[in-house]
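Here the structure is laid out as structure tokens; the discussion comes afterwards.
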2 protein chains.
Amino acid sequence: MLRSEAASSQHSRVTIAQVASRAGVSPTTVSHVLSGKRAVRAATRGTVMEAIRELGYRPNIVARNLRTRRSHMIAVVVPDITNPFYAVLTRGLADAVDAAGHGTYVCNTDGQHDRERKFFQDAMDRGVDGIVFASGETASQIELEEVDQQMPIVCIGAQLDHPLCDAVIPDDETGSRAAGSFLAARGYERIAMIQGPPHYGVARTAGFRSAMQVAKRKVPAERLVRGDWTRKGGYQAMKTLMALKDRPDAVFCANDLMAIGALDVAHELGLSVPEDVAIVGFDDVDAATIVTPHLTTVRNPAYEAGGTAGDLLMSRMSGRYTGAGRTVVLPCPLIERGTV
Amino acid sequence: MLRSEAASSQHSRVTIAQVASRAGVSPTTVSHVLSGKRAVRAATRGTVMEAIRELGYRPNIVARNLRTRRSHMIAVVVPDITNPFYAVLTRGLADAVDAAGHGTYVCNTDGQHDRERKFFQDAMDRGVDGIVFASGETASQIELEEVDQQMPIVCIGAQLDHPLCDAVIPDDETGSRAAGSFLAARGYERIAMIQGPPHYGVARTAGFRSAMQVAKRKVPAERLVRGDWTRKGGYQAMKTLMALKDRPDAVFCANDLMAIGALDVAHELGLSVPEDVAIVGFDDVDAATIVTPHLTTVRNPAYEAGGTAGDLLMSRMSGRYTGAGRTVVLPCPLIERGTV
DNA sequence: CCGCCCCATCAAATCGTTTTGCCGCAAGAT
DNA sequence: ATCTTGCGGCAAAACGATTTGATGGGGCGG
């Protein structure tokens with residue numbers, strides 16, 4: 001195999017200069033053959049390609065990045081890749097940008113502001129071409145430094161105060177409203193909600209409240225409890241709700257994990273779902289169809305969000321779009337299954 | 001804020017030369033202040049730090065990488081980040097190497113050999129410091145080029161024929177044997193298995209067979225069926241098994257997703273688990289505790305695998321270890337829950 | 001035959017660091 | 001007084017590509 005012959009003669013990596021000397025041309029010409037930026041005679045191109053093959057030349061991307069100031073790498077900053085929502089989002093992004101030759105650099109922040117900051121800086125210092133920032137709603141709290149103004153950024157799930165920052169936001173409010181209306185339409189009377197932590201998921205709460213108002217359902221304060229997005233948090237919140245003297249007959253949960261926790265409580269108390277109590281979640285994670293009965297929920301389009309984020313990013317990176325920050329909102333359709 | 005003052009005076013990024021001139025020293029000195037590789041007088045260091053702060057200097061990592069030939073970035077090549085197992089693995093890796101300042105570059109191959117190849121090349125060209133390759137068992141089929149010999153690689157779940165390649169392999173065989181023995185010890189007689197696709201998961205099958213042999217359980221060919229790792233695949237395989245004239249009373253599934261599919265069938269047929277049929281999975285994904293009853297399964301230590309992969313990698317990257325390929329095998333303990 | 005232009009190619013500068021060899025200078029040893 | 005020693009700092013050469021202005025030669029029109 002030619003490859004190994006070359007490797008044995010040459011320990012470290014082959015450079016463009018070696019290719020050039022082998023082909024009897026200048027490095028410039030080799031570069032032009034590779035990039036196609038200037039015309040090269042067919043015969044010359046042939047010789048160069050031959051040399052490239054023989055030596056097994058591969059361009060050093062780091063050197064290229066330094067010169068061109070593009071890395072063909074984009075960073076995705078998420079709270080936790082282990083969370084299926086962000087995993088799917090990341091995949092959607094990766095698929096969208098892969099075709100254009102962009103790789104993805106992922107950072108887990110665990111939602112901590114200092115880590116968000118750190119990774120933002122890290123990504124910029126590494127010369128990524130763009131950043132998608134999906135750290136939930138904490139986004140608005142990040143203060144971007146002046147130097148960042150150049151960098152294409154798209155923010156998922158929230159707006160970022162930055163002139164060149166695009167946003168893709170799942171329409172939580174409409175989705176939640178649909179969930180609420182649906183419960184009301186099905187005749188449930190004492191509808192409760194397990195919200196996210198304070199200051200989080202406000203759109204989901206807002207949608208729910210608006211639906212309740214339209215449907216003329218009173219929602220006393222004790223029917224609005226909070227969880228921390230986890231299954232356990234949902235479990236505890238549901239316990240509180242089920243202990244109410246005027247027990248709710250339906251519960252809308254701000255995410256699926258908490259809904260699953262709520263379901264745990266129902267099973268534990270021997271309540272049948274949806275007869276004794278209906279449950280609706282939000283996100284439509286895989287687990288939603290694993291629980292019994294399957295969870296009725298609002299779909300959070302993670303894959304699409306990642307994909308559109310990639311598209312927005314690329315339109316800026318290519319210079320195709322240079323205007324002000326765009327916002328694309330993605331619908332969150334209600335998925336009817338077995339828990340209502 | 002000092003930062004914005006600097007930015008307004010200077011549109012593009014601040015370089016080390018600018019810092020040097022502002023501090024009245026040479027770039028060399030600034031570099032030494034930053035790296036600590038040579039002594040710098042305290043007073044000088046102070047001036048330099050001051051200049052750095054004032055200008056908001058951040059080193060250009062791309063340039064640094066070019067010079068030092070280290071990127072502090074490691075690539076992780078997985079079939080699909082959306083698969084919780086790989087997501088957790090990736091997180092374990094990221095956590096392990098983050099402290100040392102290494103970022104992670106992730107590639108989804110969907111198990112396709114050409115994509116594995118492509119990303120391997122891509123990662124090397126990008127100058128990553130190491131690669132962890134977790135593309136299941138297809139690994140052995142990758143032929144590494146000569147030039148790759150320098151690159152630290154650790155392979156998860158399989159051995160790779162490469163002198164410097166370490167491996168971390170979950171002990172599938174022992175885990176599966178434990179699962180099989182457990183079923184036999186509980187008195188199940190007609191024990192079946194839903195295997196992975198041909199040539200995949202052979203260790204899991206082997207462990208199961210060995211347990212059956214020890215326990216003196218015959219397993220006729222029709223009790224060994226195959227699935228494609230998915231829930232749906234498990235569903236179909238289970239259908240076949242349950243249609244057998246001599247219906248199995250226990251099923252060991254080569255992974256949790258298929259076990260969940262098997263559980264679907266049991267519910268559908270009105271069979272109660274574990275009374276009518278016992279089910280054991282493999283992997284211990286989150287979903288295992290979401291199904292009812294909770295799935296008895298063998299834990300596949302994804303997070304630990306990622307973590308040790310990171311450690312192995314770093315020991316080589318730092319030059320602390322330079323010997324032949326190591327193999328660390330991780331135990332896969334049986335987790336008793338509700339399905340047996 | 002001259003001038004012009006275009007095509008293909010090259011030399012050299014550049015990207016922003018790190019690293020190496022060298023050089024003053026002051027302090028301590030002889 | 002001279003000889004080491006070491007400290008603190010600088011200039012310049014990498015690292016491996018891309019990009020730009022220059023150049024030589026051939027074809028073509030006048």
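Predicted model only: the values in this text are computed from it and were never measured. Every chain is numbered from 1 and lettered A, B, ... according to where its sequence line falls, protein lines coming before strand lines.
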Spacing between B:R58 atom CZ and C:dT17 atom P, to the nearest angstrom
11 Å
Applying side chain to side chain contact (heavy atoms under 4.5 Å, CB included) to A:D125 and not counting sequence neighbours gives A:Q121, B:R13, B:R58, B:I61
So if I take the C1' atoms of five pairs at each end of the helix from C:dC1-D:dG30 to C:dT30-D:dA1 and get each local axis, what angle do the two axes make, rounded to 10 degrees?
50°
Using a 4.0 Å heavy-atom cut-off, does B:T15 contact any base of the nucleic acid, only the sugar-phosphate backbone, or nothing at all?
sugar-phosphate
Interatomic distance, A:K37 NZ vs D:dG21 C1' [rounded to whole Å]
17 Å
Which residues pass the side chain to side chain contact (heavy atoms under 4.5 Å, CB included) test with A:P59, not counting sequence neighbours?
A:Y57, A:R64
For the pair made of CZ in B:R70 and P in D:dG16, what is the distance, rounded to whole Å?
15 Å
Between A:H72 and A:H102, how do the two ring planes meet: parallel, tilted or perpendicular, split at 30° and 60°?
parallel
Could you check whether A:D95 and A:Y303, counting side-chain N and O atoms only, form a donor-acceptor pair closer than 3.5 Å?
yes
Could you tell me how far apart B:R13 (CZ) and C:dG16 (P) are, to the nearest whole angstrom?
10 Å
Mind checking what makes side chain to side chain contact (heavy atoms under 4.5 Å, CB included) contact with A:S26, not counting sequence neighbours?
A:T28, A:T29
Output the rounded distance in Å from CD1 (B:I16) to C1' (C:dC15).
14 Å
With the threshold set at 4.0 Å, does a side-chain nitrogen-carboxylate oxygen contact exist between B:D122 and B:R115?
no
C:dT17 P sits how many Å from B:L34 CG, rounded?
9 Å
Base contacts versus sugar-phosphate-only contacts with protein, heavy atoms under 4.0 Å: please encode nucleotides 7-15 of chain D as B, S and - from 5' to 3'.
-SBBBBBBB
Quick one: list whatever passes salt bridge (charged side-chain N to carboxylate O under 4.0 Å, His left out) with A:R70, sequence neighbours left out.
none
Can B:D129 and B:R316 be counted as an ion pair, charged N to O under 4.0 angstrom?
no
